[in-house]
Amino acid sequence: MHPAVLSHPLAHLAAGAFVSFEGWVRNHNAGKTVLALEYEVYTTLALKEGERIVATAIERFDLLGAIAYHRYGTLQLGDIAVWVGTTAAHRRQAFAGTAYIIDEIKCRLPIWKKEYYAGAPATWVYCREHRH
């Protein structure tokens, strides 16, 4: 889904700030050349836990709105793998809420990633190992 489509529902006249994060498929990891990624998700649990993460962020950071979207299946270099957007009355709230959501997604959601490498076998990696 395109970021403009994802951010559209966040428009709010009381918002003074909109912050978004895009996680892209990059061409390297841990010294290896990455060719593509494949994401596998335990969908039912991921959606339930994702809703909790977003609801907590809205309450904790006084956000006007928040949306998180994580893709699954095979993704190519440069693709957006995860997108988070928040709106708030002030920028500090929006930045903090967005950071909280992406950090919690990486830590709490049942999402696994298979990295396809040049010259090495593909490997499944639990996303929580990539929290930085």
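Below, all heavy atoms of this structure are taken into account, side chains as well, without hydrogens, waters or symmetry copies.
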Tell me whether [X] shares a hydrophobic cluster with [Y], the cluster being built from Ile, Leu, Val, Met, Phe, Trp, Tyr side chains joined at under 4.5 Å.
{"X": "F21", "Y": "L63", "answer": "yes"}
{"X": "I111", "Y": "Y72", "answer": "yes"}
{"X": "Y39", "Y": "L77", "answer": "yes"}
{"X": "V25", "Y": "Y117", "answer": "yes"}
{"X": "L64", "Y": "F18", "answer": "no"}

Restricting to non-hydrogen atoms, name the atom on [X] and the atom on [Y] that form the minimum distance, rounded to 0.1 Å.
{"X": "G65", "Y": "L10", "answer": "C-CD2, 3.5 Å"}
{"X": "L37", "Y": "V34", "answer": "CD2-CG1, 4.0 Å"}
{"X": "E22", "Y": "P3", "answer": "OE2-CG, 3.4 Å"}
{"X": "A66", "Y": "V54", "answer": "O-CG1, 3.6 Å"}
{"X": "G97", "Y": "A57", "answer": "O-CB, 4.3 Å"}
{"X": "V41", "Y": "A46", "answer": "CG1-CB, 3.5 Å"}

query = Angle class for the Y100/F61 ring planes (parallel below 30°, perpendicular above 60°, tilted otherwise)?
reply =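 It falls in the tilted class, 30° to 60°.
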request  = Say whether, by atom type as modelled, one donor and one acceptor occur between the side chain of H90 and the main chain of R92 under 3.5 angstrom.
outcome  =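 Here the side-chain-to-backbone pair does not exist.
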inquiry  = Would you say NZ of K114 has more than 12 non-hydrogen atoms from neighbouring residues, nucleotides or ligands within 6.0 angstrom?
reply    =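 Yes, the 6.0 Å shell around NZ holds more than 12 heavy atoms from other groups.
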Report yes if some heavy atom in the side chain of [X] is under 4.5 Å from a heavy atom in the side chain of [Y]; otherwise report no.
{"X": "I80", "Y": "W24", "answer": "yes"}
{"X": "H28", "Y": "T33", "answer": "no"}
{"X": "I53", "Y": "L109", "answer": "yes"}
{"X": "E38", "Y": "W124", "answer": "yes"}

